[in-house]
Amino acid sequence: MEIAAAVQGVGNHNMLNKLKIWISMKALIVLFNCILLTIGQVSGPILVRIYFLHGGKRKWLTSWLLTAGCPLLILPITISFAKNRSKSSLPKFLVPPRLIASSAFLGFLLGIDSYLYTFGMSYLPVSVSSLLGSIQLAFTSIFAYFIVKHKFTHYSINAVVLMTFGSAILGLHMNGDRPNGESNANYTLGFFMTIGGAALHGFIMPALEYAHKKAQVTLTFNLFLQVLLLISMFATMFCTIPMIINKDFQAIPKEAAEFELGPMKYYMILALAGVALQCMMIGSTGVIFSSSSLFGGIVTSLLVPVQQIFSVICLSEGFSGEKGMALAMCLWGFASYFYGEYKLNHKQPDIKHEPEHEEV
């Protein structure tokens, strides 16, 4: 009996160690994706805004840049496939059909969402568009309640109301934030297009989480890269069609020659924007797969103050009292939501999850 008890104790200890390692690895993956999301979300919009401020006019081109770097994902997918093949004679490489269909649908929605955000950035200062984009947390909360059955508490309701009022403050004082030479009609249209983009992005995040759950497959690094490649590919296809219709590809050399900062900086800005936006895409999708859509919305909203600081430093944008009030309401809403999630998680009983080892 003593020997059996000792063996059982050793087994439990080994299982506990494996669980700790698995949790640590998951935390590192979440942290890595958050870093990518931070780099992309802060630098991407600023680079796109610089493009528009100095003579760029191609909205579909900048929308296309969000996912045009997707072929770069083929290399890590190939490496991961080769690694798994050496471990198993029959590796599960292909994405399940249901997840492929979901990726195609979400990819087309991402293409539309990218255009809505780009349209807004072409007319709005980054400090305004980032504040408006932060209300995606409110939309994510609402859609997560209906799509993935996430609980809707009075803390999240408070966050929704606060962020909505913050956007309303910006809307009532939009004349003071309008850039020189920008018409009121274009500014207003960009204002509402950005809100539309935030709403659509708020739907895409829980929809992606729902698609993964319905596919009933274990998340692996390989699966994540394949799904990301599919979504990016379909989004790129969606943006490529209007670019061909508008002859944007043929117009790039002419636009580069007329760019105020010179052709070299024109191509440099587009290349850096493409890399930054791809980092944002990888980080955002990675946070959803490794954590949840709501956590992704929280991180996105938390980065708003950072965007504000860099837009003032890099673009010399003004920071009015209305923006300060809207930012305060955004942070208040974020704090309320985060505190509500904290209390909700601590009320739930602790459940021990065993690490999963299945490869997809």
Side-chain angles (χ1 to χ4, degrees), residues 26 29-30 33-34 36-37 66-67 70 73 92 94-114 116-117 133-153 155-157 159-160 163 196-238 280-301 337-338 340-341 344-345 348 351 353 356 358-360:
K26 185 175 182 179
I29 292 172
V30 173
N33 286 313
C34 287
L36 288 179
L37 179 58
L66 175 66
T67 53
C70 62
L73 297 172
K92 297 178 180 178
L94 298 178
V95 177
R98 179 181 294 182
L99 206 51
I100 293 176
S102 301
S103 300
F105 175 69
L106 293 174
F108 288 127
L109 289 183
L110 181 62
I112 298 173
D113 185 49
S114 177
L116 291 175
Y117 270 125
S134 69
I135 66 171
Q136 70 157 307
L137 176 59
F139 289 110
T140 302
S141 302
I142 295 172
F143 287 119
Y145 173 79
F146 291 104
I147 297 175
V148 292
K149 308 303 180 184
H150 191 276
K151 292 183 179 180
F152 210 56
T153 66
Y155 293 102
S156 54
I157 294 174
V160 171
M163 290 183 172
L200 184 55
H201 196 72
F203 170 80
I204 291 174
M205 296 179 77
L208 180 57
E209 183 181 354
Y210 176 80
H212 172 234
K213 288 182 177 179
K214 279 296 181 180
Q216 296 180 347
V217 291
T218 304
L219 174 66
T220 62
F221 180 68
N222 201 348
L223 174 65
F224 161 67
L225 289 177
Q226 291 177 59
V227 172
L228 180 58
L229 175 62
L230 286 172
I231 294 175
S232 300
M233 182 177 67
F234 283 108
T236 305
M237 289 171 55
F238 178 85
M280 183 176 69
M281 179 68 185
I282 295 173
S284 177
T285 309
V287 167
I288 295 172
F289 269 75
S290 58
S291 182
S292 69
S293 57
L294 284 172
F295 182 74
I298 290 173
V299 175
T300 300
S301 297
Y337 182 86
F338 187 80
E341 290 297 304
L344 182 64
N345 291 332
Q348 295 175 350
I351 302 175
H353 298 279
E356 299 170 336
E358 182 185 354
E359 293 293 331
V360 177

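How far CG of Leu106 is from CE of Met205: 12.0 Å, rounded to the nearest 0.5 Å. Here Phe139 contributes atom CZ and Ile204 contributes atom CD1; the two are 13.0 Å apart, rounded to the nearest 0.5 Å. In this structure, the separation between OG1 on Thr140 and CZ on Phe203 is 11.5 Å, given to the nearest 0.5 Å. With rounding to the nearest 0.5 angstrom, the CG atom of Leu208 is 10.5 Å from the CD1 atom of Ile147. Taking CG of Leu73 as the reference point, atom CE of Met281 lies at 9.0 Å (rounded to 0.5 Å). For the atom pair Leu200 CG and Gln136 CD, the distance stands at 10.5 Å (nearest 0.5 Å).
Between the side chain of Ser284 and the main chain of Met280, no donor-acceptor pair closer than 3.5 Å is present. At distances below 3.5 Å, not a single donor-acceptor pair connects side-chain atoms of Ser114 with backbone N or O atoms of Leu110.
Of all heavy-atom pairs spanning Pro206 and Val148, the tightest one is O-CG1, 3.6 Å. Considering all non-hydrogen atoms of both residues, Ile282 and Phe224 come closest at O-CZ, 3.7 Å. When all heavy atoms are compared, the tightest approach of Ala235 to Gly111 is CB-N, 3.9 Å. Closest of all the heavy-atom pairs between Ser103 and Val227 is OG-CG1, 3.7 Å. Taking all atoms of both residues into account, the shortest heavy-atom contact from Ala211 to Leu99 is O-CD1, 3.6 Å.
Within a 6.0 Å sphere centred on OH of Tyr210, other residues, nucleotides and ligands contribute 12 heavy atoms or fewer.
Remark: Lys214 pairs with no residue by the salt bridge (Lys or Arg N to Asp or Glu O under 4.0 Å) rule, at least two apart or across chains. For Thr67, the side chain to side chain donor-acceptor pair (under 3.5 Å) partners two or more places apart in sequence, or in a different chain, are Thr236. By the side chain to side chain donor-acceptor pair (under 3.5 Å) test, Asp113 pairs with His201, sequence neighbours left out.
Residues Phe238 and Leu109 fail the side-chain proximity criterion, which asks for heavy atoms closer than 4.5 Å.
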